[in-house]
Protein chains: 2
Amino acid sequence: MLAPDRRLPIYLRIQDALAAEIAAGKWRPGEAIPAEEALAKRFGAAVGTARKAIEGLVAQGRLERHQGRGTFVRRADFGNMLFRFFRHTGADGAPLRPTAKLLARRKSKADAATARRLALPVGTATIELFRLRLIEGAPMLAEEIVVPHRRFAPLLALAKDAFGDLLYPLYETACGQIVVQAREHLRFGQAPPHIAKALCLPPKAPVAIVERTVFAVDGQPLEFRVSYGAAERFSYTIDIK
Amino acid sequence: MLAPDRRLPIYLRIQDALAAEIAAGKWRPGEAIPAEEALAKRFGAAVGTARKAIEGLVAQGRLERHQGRGTFVRRADFGNMLFRFFRHTGADGAPLRPTAKLLARRKSKADAATARRLALPVGTATIELFRLRLIEGAPMLAEEIVVPHRRFAPLLALAKDAFGDLLYPLYETACGQIVVQAREHLRFGQAPPHIAKALCLPPKAPVAIVERTVFAVDGQPLEFRVSYGAAERFSYTIDIK
DNA sequence: ATCCTTTAGTCTTATAGAGGACTTGGGGGA
DNA sequence: TCCCCCAAGTCCTCTATAAGACTAAAGGAT
């Protein structure tokens, strides 16, 4: 149960054991792990030692503690993803939730660029999605999405209207793929013709382009997507450390 | 000797007392502070409590511990300071290494907007900087920076060419202000005339605008800056969780 | 002179226990 | 029904003790 390397301090071995169990999904994100005392008993250590192990995982951002409530597996907070911050507040200033419409879906093979981004061999089977996100019926964001066929085969079987507004919950329920990390890259450019058309923008309109790669618990890339939105409406806030 | 607020936990009061002594220069950077046991005795607390206070200061980056040697006041190490708060990247996503040139510096008073952003009363003395950041000699970003005069008075006395490429290390060495957090706000807009001129862009050229507020350990705003960069060349990367 | 051993000082890890603070949920009173 | 209060569960603070690990410096052996 504990890491076998006896040279390591007990608290580190407990920490590794817990990290492995978290990664294995023993507790789902948002769920509480056992209390300090229970953990200590289970690992045959003092409470203070278990506590120190937990503190390490909290510092790593894998756990969250709340006094009086418990210690919880941290869920990735995608609340501050770039694409969410295209300005889409209603008249009252409250943020609006975009709806999504799947325009196209097809099987494909990874070209060199895609293969690199998804860490796959060139030519690996993939699934491509083209999606539109709308605010109050008005197109706001166009998204080109590609995922490896191996992990996401159920997406092809699904009815088109079974795709809801949010994709990541679908990944989890339909394909068992949990998104835990993301990297986004922002730049400004001109809209390609098919994007401009989908967004009802004039050709070559200035757009914000967000390229995103998301990763699974094992660190493997799960999805690569490029999102386009009108540059004037882009607005994003981020807290650093 | 201890902070007088008895509502705070002892370890926090010890931590504050030590932080104040460090800031006052009681020990020089690189010098060791007293041993855990000595500190505990001095503050009339248990060793474990003094230890927790020290851990807090280590986490803040003010102290450095070395097993068997002692606990030392951290010498400023700015090795990767650049990348901690600098998220502008090249087209390939790799971080850039800009140089900086200070174009203007002047004393000023906070208007309403500035006062709000720096959490100061309107009319408080401030220092404004206008700075250009260059890649291989080409202007890439223009920055308007404003800091409270109270904390940053030494900046006015400094020779203009004493401002290096990085401002935050200077804040730390010249003014004793440590930056620990930042908030950035991104949007897209048109370059004001003086910005366009500084960046060698046509008037009203499309630019990316980054508004940043940085905060000290005590959570107070230290600096507000607005950075402008040509939209076509702008590139920004972010990792989520 | 160089290398090894010893020793003191320091941080690190581990244990145990007591009381405090916070959150939640349920029972009782209005 | 609604609100207040209490109890249980949980993490937080603090204390006390002991042995291990690391570093630097002093002293001795080669």
Side-chain angles (χ1 to χ4, degrees), chain A residues 1-19 21-22 26-28 30-74, chain B residues 1-19 21-22 26-75:
Chain A
M1 187 155 56
L2 277 182
D5 190 342
R6 297 196 153 272
R7 295 167 303 178
L8 266 64
I10 298 175
Y11 82 95
L12 276 182
R13 293 197 280 152
I14 295 178
Q15 186 174 313
D16 289 349
L18 287 177
E21 291 183 335
I22 293 169
K26 178 160 177 176
W27 307 285
R28 317 213 125 241
E31 197 176 353
I33 69 171
E36 291 173 343
E37 206 167 344
L39 284 177
K41 187 172 240 173
R42 192 186 127 198
F43 288 110
V47 178
T49 307
R51 190 175 169 69
K52 180 138 188 173
I54 294 172
E55 273 169 6
L57 293 170
V58 170
Q60 289 177 19
R62 297 178 191 248
L63 291 177
E64 237 175 6
R65 329 185 66 172
H66 297 284
Q67 183 179 161
R69 289 213 289 144
T71 304
F72 301 82
V73 177
R74 207 176 134 213
Chain B
M1 186 155 55
L2 276 183
D5 191 341
R6 296 195 151 273
R7 293 168 306 177
L8 289 168
I10 299 175
Y11 81 95
L12 275 183
R13 293 198 280 152
I14 296 179
Q15 185 174 314
D16 289 348
L18 288 177
E21 291 182 337
I22 292 168
K26 178 161 177 176
W27 307 284
R28 318 201 141 266
E31 197 176 351
I33 69 171
E36 290 174 342
E37 206 168 344
L39 285 177
K41 188 172 239 174
R42 193 187 125 197
F43 288 109
V47 180
T49 308
R51 188 176 172 68
K52 181 139 188 173
I54 293 173
E55 275 169 3
L57 294 170
V58 171
Q60 286 181 13
R62 298 184 190 237
L63 291 177
E64 241 174 5
R65 330 185 65 173
H66 296 284
Q67 182 178 164
R69 287 211 290 145
T71 304
F72 302 83
V73 176
R74 184 183 137 253
R75 306 174 187 284

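All figures in this text were calculated on a predicted structure; none of them were measured in a lab. The figures here come from the full heavy-atom set of this structure, side chains too, leaving out hydrogens, waters and symmetry mates. Convention: sequence-line order gives letters A, B, ...; per-chain numbering from 1.
Rounding to whole angstrom units, CG of residue Leu8(A) and C1' of dA21(D) are separated by 14 Å. In this structure, Ile14(B) places its CD1 atom 12 Å from C1' of dT13(D), rounding to the nearest Å. Distance Glu64(A) CD to dT10(D) P: 18 Å, rounded to the nearest Å. With rounding to whole Å, Ile33(A) atom CD1 is found 15 Å from dG9(D) atom C1'. Rounded to a whole Å, the OH atom of Tyr11(A) is 13 Å from the C1' atom of dA21(D). Computed from coordinates, the Arg51(B) CZ to dT15(D) P distance equals 15 Å when rounded to whole Å. Atoms CZ (Arg65(A)) and C1' (dG9(D)) sit 15 Å apart, rounded to a whole Å. Between Glu37(A) atom CD and dC12(D) atom P there is a gap of 14 Å when expressed in whole angstrom units.
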Short N/O separations, protein against nucleotides 18-20 of chain D, under 3.5 angstrom:
none

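Tested against Glu21(B), the residues Arg42(B), Arg28(B), Arg62(B) include a single salt bridge (Lys or Arg N to Asp or Glu O under 4.0 Å) partner, Arg42(B).
Side-chain nitrogen and oxygen atoms of Arg69(B) include at least one within less than 4.0 Å of the OP1 or OP2 phosphate oxygen of dA24(D). Side-chain nitrogen and oxygen atoms of Thr49(B) include none within less than 4.0 Å of the OP1 or OP2 phosphate oxygen of dT13(D).
First and last contacts of DNA chain C with chain B, using any nucleotide atom under 4.0 Å from a protein heavy atom and ordered 5' to 3', fall at dG9(C) to dT13(C).
Note that OG1 of Thr49(B) and CG of Leu39(B) are 12.0 Å apart. Values are rounded to the nearest 0.5 Å.
Ala32(B) comes within 4.0 angstrom of no nucleic acid atom, judged by non-hydrogen atoms across all strands.
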